[in-house]
Amino acid sequence: MKNNNVRKSGLAIAMAAAMGASAGANAAVELYNQDGTSFSVDGYFNAFYVNRDDKQNDVRDSRIKMGFLPNTIGFNFSKDMGDLTLGGRSSFWTTINDSLDTPTDTAIDVRQFYATVDGDFGQVLIGKDFGLYARSNIFLDEILMGFGSPGVAGGVSFGNIRAGYPYPTPSAQITYRSPDMSGLKVAAGVLDPADTVTGANDENSAPRFESEVTYNANLNDVAITGWVNGRYQSAENGNTTIDSTGLGYGVKASVAGLTLAASGFTSKGDNPVLIGNGAVTEDDADGFLVQGSYAFGANRVVLSYGETDAEILNLETESTTLGFFHDVNSNFKLVAEYNMYEDNNRTTGATTTEADTIALGAIVMF
């Protein structure tokens with residue numbers, strides 16, 4: 001049997017990509033493994049000292065916040081059943097940014113709660129997980145474990161969300177993943193559709209469709225990863241129909257400590273920040289992200305630049321980040337980052353946000 005392991009969590013893959021290491025370097029703590037049944041736990045904890053210069057309002061603010069990734073704990077289950085392996089994952093993502101807003105009521109976000117069935121055919125996932133559209137765009141972001149651009153009060157920072165790519169909103173889904181075909185992998189799923197046409201007679205006659213194709217190869221010691229992903233859904237109410245489409249893409253190449261990456265997206269009738277229930281128009285959005293990093297010893301330096309141009313939100317953004325990551329050991333990381341973020345009204349050109357952010361953080365993971 002070829003697929004006899006639980007699919008690695010999105011968080012584990014993301015950490016591995018951000019660290020330039022194999023996902024195995026971030027293995028969970030195994031609590032039980034006997035007679036074909038295993039149970040493990042993984043965790044991610046972080047906090048940053050954040051000093052932000054809000055140039056638009058002439059305000060400087062100092063905070064203690066979490067970074068782009070929330071603090072999380074995940075539970076993984078696997079059981080061999082002949083030709084099949086049954087698995088499952090639940091992960092709970094919690095903020096530390098609301099400690100003074102709601103002192104005894106911290107928000108917990110269940111982003112993953114799913115079961116998997118693996119076999120020679122590949123894998124079928126049922127439950128809640130990150131979407132496929134823009135999935136590799138964010139999971140392969142070089143500053144995923146950093147801070148990035150400002151977010152919303154009480155929540156995470158936004159990294160390069162709405163300044164290079166949209167967020168692959170965790171959604172209820174049924175998704176198929178193919179086996180690894182000499183580096184080529186295909187995923188396709190049906191997801192719970194968003195209510196993008198409001199009113200009493202909303203109609204989603206079909207689910208949301210998302211897919212992603214990835215390819216990994218090693219050419220003359222150059223590790224290359226490429227991907228294409230997409231989304232389609234339609235919603236209607238009477239004579240109003242909103243068709244939402246999105247296309248994401250990217251490529252990353254690494255050799256001798258140097259990594260270069262470029263990705264982008266284009267969409268129509270789709271919120272370029274994150275999909276959710278709420279009326280939208282069939283207007284366009286597009287964006288790109290270019291990054292370079294260099295790893296030497298236990299250190300990694302990253303330079304990142306991203307833009308989003310969203311007719312649908314009347315918004316133009318750009319974000320530049322310089323980051324430094326230092327591995328104290330395989331489970332403890334220090335981060336220093338400087339970000340310059342700006343967004344403007346697309347119609348008038350007026351600046352709505354202009355902020356420079358210094359973030360100094362520590363990450364513990366297992």
**Item:** Any donor-acceptor N/O pair, Arg208 side chain to Asp192 backbone, under 3.5 Å
**Value:** yes
**Request:** Check the pair Thr175 / Val124 against side-chain contact (heavy atoms from CB on, under 4.5 Å), numbers first and verdict last.
**Result:** CA-CA 6 Å; Thr175 294; Val124 175; over 6 Å; no
Flag for [Y]-[X]: side-chain donor and acceptor within less than 3.5 Å:
| X | Y | result |
| --- | --- | --- |
| Asn344 | Glu316 | no |
| Arg162 | Ser149 | yes |
| Ser178 | Lys185 | no |
| Asn339 | Asp356 | no |
| Thr259 | Ser254 | yes |
| Gln112 | Ser90 | no |
| Asp80 | Thr85 | yes |
| Ser171 | Gln173 | no |
| Gln233 | Ser244 | no |
| Asn51 | Asp61 | no |

How close do [X] and [Y] get, heavy atom to heavy atom, and via which atoms?
| X | Y | result |
| --- | --- | --- |
| Ala235 | Asn204 | CB-ND2, 3.4 Å |
| Arg177 | Leu125 | NH1-CD1, 4.0 Å |
| Val335 | Gly146 | CG1-CA, 4.3 Å |

**Prompt:** So Leu144 and Phe68, side-chain contact (heavy atoms from CB on, under 4.5 Å) or not? Walk me through it.
**Reply:** CA-CA 6 Å; Leu144 184 68; Phe68 186 26; 3.8 Å; yes
Please tell me if the side chains of [X] and [Y] come closer than 4.5 Å, counting only heavy atoms from C-beta onward.
| X | Y | value |
| --- | --- | --- |
| Tyr44 | Val364 | no |
| Lys55 | Thr353 | no |
| Val280 | Ile242 | yes |
| Thr94 | Pro70 | no |
| Thr241 | Ser234 | yes |
| Tyr294 | Leu260 | no |
| Leu184 | Val213 | yes |
| Asp120 | Pro179 | no |

**Complete:** Residue set satisfying ring-ring contact (aromatic ring centres under 6.0 Å, His included) with Phe147, at least two apart, ordered chain then number -> Phe48
**Request:** Begin with the C-alpha distance, continue with both residues' side-chain angles, and end with the deciding distance and a verdict on side-chain hydrogen bond (donor to acceptor under 3.5 Å, both in side chains) for Asn345 and Asn314.
**Result:** CA-CA 6 Å; Asn345 183 294; Asn314 195 25; 3.2 Å; yes
**Request:** Going by the side-chain contact (heavy atoms from CB on, under 4.5 Å) test, name the single residue among Asp284, Asp283, Asn271 that passes it with Ile312.
**Result:** Asp283
Tell me whether [X] is salt-bridged to [Y], with the criterion being a basic N under 4.0 Å from an acidic carboxylate O.
| X | Y | answer |
| --- | --- | --- |
| Lys252 | Glu142 | yes |
| Asp129 | Arg135 | yes |
| Asp309 | Arg346 | yes |
| Asp54 | Arg52 | no |
| Lys268 | Asp286 | no |

**Ring-face cation contact, Phe325 with Arg300, 6.0 Å cut, 45° max** =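 Yes, Arg300 and Phe325 form such a contact.
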**Prompt:** Can Asp42 and Arg89 be said to form a salt bridge (Lys or Arg N to Asp or Glu O under 4.0 Å), step by step?
**Reply:** CA-CA 11 Å; Asp42 56 82; Arg89 174 171 173 82; 2.7 Å; yes
**Request:** Examine Phe139 together with Phe130 and report whether their ring centres are nearer than 6.0 Å.
**Result:** yes
To the nearest 0.5 Å, tell me how far [X] [atom1] sits from [Y] [atom2].
| X | Y | atom1 | atom2 | result |
| --- | --- | --- | --- | --- |
| Ile363 | Leu69 | CD1 | CG | 7.5 Å |
| Tyr133 | Asp270 | OH | CG | 5.5 Å |
| Leu274 | Ile161 | CG | CD1 | 7.5 Å |
| Glu337 | Ser157 | CD | OG | 7.5 Å |
| Asp118 | Leu86 | CG | CG | 9.0 Å |
| Thr320 | Tyr341 | OG1 | OH | 12.0 Å |

Does atom [atom1] of [X] have more than 12 heavy-atom neighbours from other groups under 6.0 Å away?
| X | atom1 | value |
| --- | --- | --- |
| Phe209 | CZ | yes |
| Leu360 | CG | yes |
| Ile126 | CD1 | no |

Honestly curious: do [X] and [Y] fall in one hydrophobic cluster under the side-chain, below-4.5 Å linking rule?
| X | Y | value |
| --- | --- | --- |
| Tyr49 | Phe45 | no |
| Phe288 | Leu303 | no |
| Met340 | Ile143 | no |
| Leu219 | Tyr215 | no |
| Tyr176 | Tyr232 | yes |

**Item:** Partner residues of Thr225 under the side-chain contact (heavy atoms from CB on, under 4.5 Å) criterion, sequence neighbours left out
**Value:** Leu140, Asn216, Trp227
**Prompt:** So among Thr308, Asp141, Asn137, which one has a side chain to side chain donor-acceptor pair (under 3.5 Å) with Tyr165?
**Reply:**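 Filter result, single survivor: Asp141.
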**Message:** Could you walk me through whether Ser205 and Glu203 satisfy the side-chain hydrogen bond (donor to acceptor under 3.5 Å, both in side chains) test, starting with their C-alpha distance in whole Å, then the side-chain angles of each, then the deciding distance to 0.1 Å, before giving a yes or no?
**Reply:** CA-CA 6 Å; Ser205 58; Glu203 182 178 351; 4.7 Å; no
**Parallel, tilted or perpendicular, as decided by the 30° and 60° cut-offs, for the rings of Phe75 and Phe92** = perpendicular
**side-chain hydrogen bond (donor to acceptor under 3.5 Å, both in side chains) between Thr352 and Gln56, worked out** = CA-CA 7 Å; Thr352 52; Gln56 188 69 14; over 6 Å; no
**Item:** Pairing residues for Tyr305 by the side chain to side chain donor-acceptor pair (under 3.5 Å) criterion, not counting sequence neighbours
**Value:**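 Checked Tyr305 against side chain to side chain donor-acceptor pair (under 3.5 Å); matches are Glu307, Glu318.
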